Amino acid sequence: MLQKRINTTTAFQFFQIARYASLTLGSIFITKSGVSQKDIGIYETVLLMAGSLSFFWINGFLTTFLRSYAKAENKSSVLANSIFLITVTIIICFFLFYIFKKQFINFFCTNEEYFPLFIVFFLFNSIGFATEYILLAKEKVKGLILLGIFHLIFQSVFIALPAFTSADIDQVIMGLIAFSTLKFVVFVFVFFDSKPGALDFADIKQQFKTAAPLIISFFLGGVSIYVDGMIVNYYYDKSTFALFQYGAKEFPLSLLLANALSVAMVQKITTNAQSGLSELRSGSLRLMHFLFPISILLIASSKYLYPLIFNEQFSESFIYFNIYL
């Protein structure tokens with residue numbers, strides 16, 4: 001019944017909103033819990049490191065997976081090949097991080113004590129992204145919605161509990177790692193429930209060749225969001241970085257809904273270009289009519305909303321938010 005009322009695109013958009021909402025709620029809980037602004041800057045640095053060092057190749061490989069899965073006759077083999085590619089890349093990154101450990105620590109201006117926490121979070125978080133893409137590829141509407149609810153409840157709780165009980169940023173990061181580990185368990189279940197086939201190294205090579213230009217495209221298209229944070233993180237203290245990061249975000253609904261629409265359309269356009277492009281146009285028009293008026297209202301009200309949603313320490317963050325909006 002749910003499958004008939006909500007299509008795959010809508011379900012994926014719901015998941016993306018729920019995932020972002022859980023992170024936003026976590027950020028709000030941290031500010032309300034008594035964690036210092038400097039420690040919030042440390043937490044944001046860990047998120048910046050994990051995001052900036054993985055977003056481009058994760059998106060490249062997973063977008064290629066959706067395209068390959070839609071066209072393939074042997075879908076189970078495509079699934080196994082894609083996860084193999086992602087896993088190998090994660091392992092390579094793991095060794096690179098340790099080889100260039102000192103350079104990474106200096107570049108992101110973080111303490112060595114947080115490096116092992118970052119590594120563990122990076123490993124579990126990176127592979128976890130494949131979960132929603134497998135569900136999307138298999139058109140599991142109910143699964144995407146349940147995964148979104150799972151994010152909204154558990155990620156928020158795993159950040160809020162250590163924040164309010166200890167106000168210790170190490171414990172908060174450990175809570176984030178605990179959630180990533182739990183999602184990894186969900187990924188393992190979803191992956192093996194999909195009955196992956198045998199590895200096909202010819203297909204792995206083809207997927208890599210297809211993903212390479214996409215990885216470059218995602219890097220060039222998305223790196224500016226991270227570069228701003230890197231510059232502020234490098235030249236200013238952690239308190240200032242936290243103030244900047246809490247404001248320097250594109251309107252989340254706009255970013256998430258547009259990205260979710262484009263990702264969900266990959267399969268449909270691959271399968272049927274004419275109907276897929278038509279659905280993309282109508283979906284984009286609906287988003288414009290919905291998002292533009294909200295953006296105008298937010299520009300007018302963000303000055304008053306920021307100190308209410310977060311706290312007075314972050315009242316100036318609205319300036320950066322309006323610039324990005």
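When reading the values below, keep in mind they use all heavy atoms of this one structure, side chains included, and skip hydrogens, waters and symmetry mates. All figures in this text were calculated on a predicted structure; none of them were measured in a lab.
- Closest approach of I127 and I86 over heavy atoms only: CD1-CG2, 3.9 Å.
- Taking the ring centroids of F97 and F118, they lie under the 6.0 Å cut-off.
- Looking only at side-chain heavy atoms (C-beta outward), I58 and F218 stay at 4.5 Å or farther from each other.
- Residues L48 and V223 share a hydrophobic cluster, clusters being chains of Ile/Leu/Val/Met/Phe/Trp/Tyr side chains in contact below 4.5 Å.
- If you check the side chains of T31 and Q313, you find no donor sitting under 3.5 Å from an acceptor.
- Side chain of S317 to backbone of L243: a donor-acceptor contact under 3.5 angstrom is found.
- Ring centroid separation for the pair F12 and Y133 comes in under the 6.0 Å cut-off.
- The main-chain N or O of Y69 is found under 3.5 Å from a side-chain atom of K75 such that the two form a donor-acceptor pair.
- The OG1 atom of T181 lies 8.5 Å from the CE atom of M174; values are rounded to the nearest 0.5 Å.
- Checked by atom type and distance alone, the side chain of S77 pairs as donor or acceptor with a backbone atom of A198 at under 3.5 Å.
- You'll find the side chain of F150 reaches within 4.5 Å of the side chain of L182, heavy atoms only.
- Inter-residue side-chain proximity for I105 and F115 is flagged as met; some heavy-atom pair is nearer than 4.5 Å.
- When all heavy atoms of S295 and L325 are compared, the closest pair comes out as O-CD2, 3.5 Å.
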Worked verdict on V78 versus Q207 for side-chain contact (heavy atoms from CB on, under 4.5 Å): CA-CA 9 Å; V78 168; Q207 282 200 45; 3.7 Å; yes
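- Taking the six-membered ring for Trp and thresholds of 30 and 60 degrees, F219 and F56 have ring planes more than 60 degrees apart, a perpendicular arrangement.
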Full working for side-chain contact (heavy atoms from CB on, under 4.5 Å) between L176 and Q155: CA-CA 7 Å; L176 198 61; Q155 188 164 8; 3.8 Å; yes
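- Heavy atoms from other residues, nucleotides or ligands lying under 6.0 Å from NZ of K32 number more than 12.
- Counting only heavy atoms from C-beta outward, the side chains of F15 and R19 approach each other to under 4.5 Å.
- Around OH of Y236, the count of heavy atoms belonging to other residues, nucleotides or ligands within 6.0 Å does not exceed 12.
- Contact annotation: the side chain of L79 approaches that of F191 to within less than 4.5 Å [non-hydrogen atoms, C-beta and beyond].
- Note on ring orientation: taking the six-membered ring where Trp is involved, the planes of F158 and F154 are perpendicular (angle over 60°, cut-offs 30° and 60°).
- With contacts defined as side-chain heavy-atom distances shorter than 4.5 Å, the pair I40/Y246 qualifies.
- Smallest separation of non-hydrogen atoms from L199 and N81: CA-OD1, 3.4 Å.
- Between G175 and P162 the shortest heavy-atom distance is CA-CG, 4.4 Å.
- Judged by distance alone, the side chain of D193 and the main-chain N or O of F189 form no donor-acceptor pair under 3.5 Å.
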Verdict with reasoning, L305 to L298, per side-chain contact (heavy atoms from CB on, under 4.5 Å): CA-CA 9 Å; L305 291 174; L298 279 174; 4.1 Å; yes
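- Counting only distance, with no hydrogens or angles, the side chain of Q37 and the backbone of S239 share a donor-acceptor pair below 3.5 Å.
- Side-chain contact check for T210 and Q206: at least one donor-acceptor pair (N or O, by modelled atom type) lies under 3.5 Å.
- Judged by distance alone, with hydrogens and angles left aside, the side-chain atoms of N111 form no donor-acceptor pair with the main-chain N or O of E113 at under 3.5 Å.
- Remark: I30 CD1 to E44 CD distance equals 7.5 Å, nearest 0.5 Å.
- Nearest heavy-atom pair, A21 versus L152, reported as atom, atom and distance to 0.1 Å: CB-CD1, 3.7 Å.
- Residues V141 and V190 are members of one and the same hydrophobic cluster, defined by side-chain heavy-atom contacts under 4.5 angstrom among Ile, Leu, Val, Met, Phe, Trp and Tyr.
- Going from atom CG of D228 over to atom CG of N233 covers 12.5 Å, rounded to the nearest 0.5 Å.
- Atom CG of residue L25 and atom CD1 of residue I159 lie 9.0 Å apart, to the nearest 0.5 angstrom.
- By the 30° and 60° cut-offs, the orientation of the rings of F61 relative to F208 is tilted.
- There is a path of hydrophobic side-chain contacts, each under 4.5 Å, that joins L214 to L220.
- Hydrophobic clustering keeps L285 apart from F292 (ILVMFWY residues linked when any side-chain heavy atoms are closer than 4.5 Å, directly or through intermediates).
- Ring to ring, F94 and Y98 are close: their centroids are under 6.0 angstrom apart.
- The hydrophobic clustering, which links ILVMFWY residues whose side-chain heavy atoms are closer than 4.5 Å, places F129 and L146 apart.
- The closest donor-acceptor contact from the side chain of K238 to the backbone of C109 lies under 3.5 Å.
- By the 4.5 Å heavy-atom criterion applied to side chains, K38 and I169 are not counted as neighbours.
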Y114/F121 under side-chain contact (heavy atoms from CB on, under 4.5 Å): CA gap, chis, key distance, verdict: CA-CA 11 Å; Y114 295 108; F121 174 62; over 6 Å; no
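- Looking at N59, its side chain does come within 3.5 Å of a backbone N or O of F55 through a donor-acceptor pair.
- Annotation: side chain of F184 is in contact with side chain of V188 (closest heavy-atom distance under 4.5 Å).
- Between Y306 and F321, the angle of the ring planes lies from 30° to 60°, which puts this pair in the tilted group.
- Annotation for K101: atom NZ counts as buried by contact number, over 12 foreign heavy atoms lying within 6.0 Å.
- Here the closest non-hydrogen pair linking S52 and F108 is OG-CZ, 3.6 Å.
- Using a distance-only test at 3.5 Å, with no hydrogens or angles considered, no donor-acceptor pair links the side chain of S217 to the main chain of P213.
- Interatomic distance, CD1 of I296 versus OG of S301, reported as 11.5 Å (0.5 Å rounding).
- Atom CG of L144 is separated from atom NZ of K138 by 12.0 Å, given to the nearest 0.5 angstrom.
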